[in-house]
Amino acid sequence: MTDAMALLRRRLDDSGIVDVVSVEPATGGLAATAGLTRRADGTAVFVKGFVEEFVKGFDDAPSDGAFPAEAEGLAALRELGGVATPDVVLADRDLLVLEVLHPRPRDEAFWERLAHALARLHATTHDRFGWHRDNWLGRRRQDNAWEDDGFTFFARSRLLRWLGEPRVDAALGPADRMALEHLCARLPELLPDRPACLTHGDLWAQNVLATAGGRPALIDPAVSYTWAEVDLAHLWTTAPPPESRGFFDRYAELTGLDRGWRDRMPILQLRQHLAVIAQYDDDWGAAEQVRATLAPFRRRG
């Protein structure tokens, strides 16, 4: 057992889950250490924990409750949005213990069901943008302060919020940062005025799994009430699998999405690209994508 897995096991013991037989490394996010835990009764649970080398990468976490906020987000998706999520066994400062889900089926019918589930989630609306508390997008705090205007919220809390982050400042020069501010000022011209709806907040294919019965299930949320297309943009621009090709058209049919939605995706995805740049030394091309999207907004002369 690796040192990280041994630490997870000790923390499970400390939390009262003492019937652990084994803890094996599991594929998880980049913000915490993940393990698959076998219990004495033969069942398994998925566990995420903060170990010291990961805690140092967090902004004000875990003391402010990153895992409880994630557990609350899972409950909101399920109870308010009608989307399947894993049951929460435990959520505290250092550990998140969840029901084990299944890999998603590699068929188009699954993505058809996901289109219906996401359309239902996005039908849950609110009269303001934000959430009642901040939560986390990866290793960084997500600012969810309430705002009446969606353009102001997206500019302040989803785009400009990343300026001042050391990696962002290193990746984007003064002209890029000015272009971002210029784009933010023009958001009402560039994007449609949409209502605030419940969103997953970090929706890419790796956060889509399945229940035992094959129903789409979502993990790792960063929930808030904002534009539905924020979720759509993240899924659209992060190389979804070939079997998802019908998902986007079906979602558009279910929600009445206009034909120009694809043209808006790069602007909406700026939020995720900036978050990636801020958190990781390897940004997987995010800075290049940001500069390309901002190019038309650079002031000349």
Side-chain angles (χ1 to χ4, degrees), residues 77 81-83 104 108-126 128-130 137 142 147 149-159 179-180 182-208 216 218 221-276 285-286 288-297:
L77 292 175
V83 176
R104 62 179 183 273
E108 294 183 11
F110 175 84
W111 287 87
E112 170 85 8
R113 292 192 291 273
L114 180 62
H116 282 269
L118 197 62
R120 183 168 57 250
L121 171 67
H122 291 162
T124 305
T125 59
H126 198 279
R128 289 190 294 169
F129 292 79
L137 180 62
Q142 178 167 265
E147 174 58 56
D149 180 76
F151 300 110
T152 301
F153 177 77
F154 191 70
R156 181 200 71 209
S157 298
R158 297 295 182 261
L159 296 183
L180 181 62
H182 186 207
L183 179 148
C184 286
R186 292 185 55 193
L187 282 176
E189 306 168 31
L190 302 169
L191 302 175
D193 189 3
R194 302 290 200 209
C197 70
L198 186 60
T199 57
H200 176 278
D202 194 8
L203 188 64
W204 63 309
Q206 295 304 313
N207 285 343
V208 180
L218 303 183
V223 300
S224 68
Y225 287 103
T226 186
W227 293 320
E229 290 181 27
V230 171
D231 276 348
L232 195 65
H234 196 20
L235 202 54
W236 172 259
T237 58
T238 50
E243 59 267 22
S244 71
R245 56 184 172 270
F247 164 85
F248 297 97
D249 288 341
R250 187 63 178 135
Y251 176 86
E253 292 172 4
L254 292 167
T255 60
L257 197 59
D258 64 276
R259 292 186 179 183
W261 67 266
R262 293 173 180 82
D263 297 332
R264 300 191 289 270
M265 296 296 96
I267 291 175
L268 290 158
Q269 188 63 356
L270 279 172
R271 164 247 191 193
Q272 190 69 27
H273 288 323
L274 290 165
V276 168
E288 182 179 351
Q289 292 293 325
V290 168
R291 286 190 287 268
T293 302
L294 292 178
F297 302 94

For the student: nearest non-hydrogen atoms of [X] and [Y], plus distance:
| X | Y | value |
| --- | --- | --- |
| Val223 | Gln142 | O-NE2, 3.7 Å |
| Ala286 | His273 | CB-O, 3.7 Å |
| Gly81 | Thr124 | CA-OG1, 3.8 Å |
| Leu77 | Pro221 | CD1-CB, 3.7 Å |
| Phe154 | Leu268 | CZ-O, 3.7 Å |
| Trp204 | Thr238 | CB-OG1, 3.4 Å |

Output all residues satisfying side chain to side chain contact (heavy atoms under 4.5 Å, CB included) with [X], sequence neighbours left out; order by chain, then residue number.
| X | result |
| --- | --- |
| Pro241 | Arg104, Trp111, Ala205, Glu243, Ser244 |
| Arg120 | Ala117, Arg215 |
| Arg186 | His182, Glu189, Leu190, Phe297 |

Rounded distance [0.5 Å steps], [atom1] in [X] versus [atom2] in [Y]:
| X | Y | atom1 | atom2 | result |
| --- | --- | --- | --- | --- |
| His234 | Gln269 | NE2 | CD | 6.0 Å |
| Leu159 | Phe153 | CG | CZ | 10.5 Å |
| His200 | Leu218 | NE2 | CG | 5.0 Å |
| Leu183 | Thr293 | CG | OG1 | 8.5 Å |
| Leu232 | Trp227 | CG | CH2 | 14.0 Å |
| Leu198 | Leu121 | CG | CG | 5.0 Å |

Between the side chain of Thr199 and the main-chain N/O of Ala228, is any donor-acceptor distance below 3.5 Å?
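Not a single qualifying donor-acceptor pair exists.
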
Tell me whether Asp202 contacts the main-chain N or O of Ala222 through its side chain, where contact means a donor paired with an acceptor under 3.5 Å.
no

[X]: which residues meet the salt bridge (Lys or Arg N to Asp or Glu O under 4.0 Å) condition with it, sequence neighbours left out?
| X | value |
| --- | --- |
| Arg113 | none |
| Asp149 | none |
| Glu288 | none |

So [Y] and [X], do their side chains get closer than 4.5 Å, heavy atoms only?
| X | Y | answer |
| --- | --- | --- |
| Leu270 | Val290 | yes |
| Val208 | Leu203 | yes |
| Phe129 | Ser157 | no |
| Gln272 | Leu137 | yes |
| Leu118 | Arg250 | no |
| Thr125 | Cys197 | yes |

Check whether the ring centres of Trp236 and Phe247 lie less than 6.0 Å apart, and answer yes or no.
no

Please identify which of these residues, Glu112, His116, His122, meets the side chain to side chain donor-acceptor pair (under 3.5 Å) condition with Tyr251.
His122

Test log, rule side-chain contact (heavy atoms from CB on, under 4.5 Å), inputs Leu257 and Phe248:
CA-CA 10 Å; Leu257 197 59; Phe248 297 97; over 6 Å; no

According to the interplanar angle, ranging from 0 to 90°, do the rings of Tyr225 and His126 count as parallel (below 30°), tilted (30 to 60°) or perpendicular (above 60°)?
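Geometry flag for His126 against Tyr225: tilted rings.
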
Glu229 and salt bridge (Lys or Arg N to Asp or Glu O under 4.0 Å): which single residue from Arg262, Arg271, Arg264 fits?
Arg264

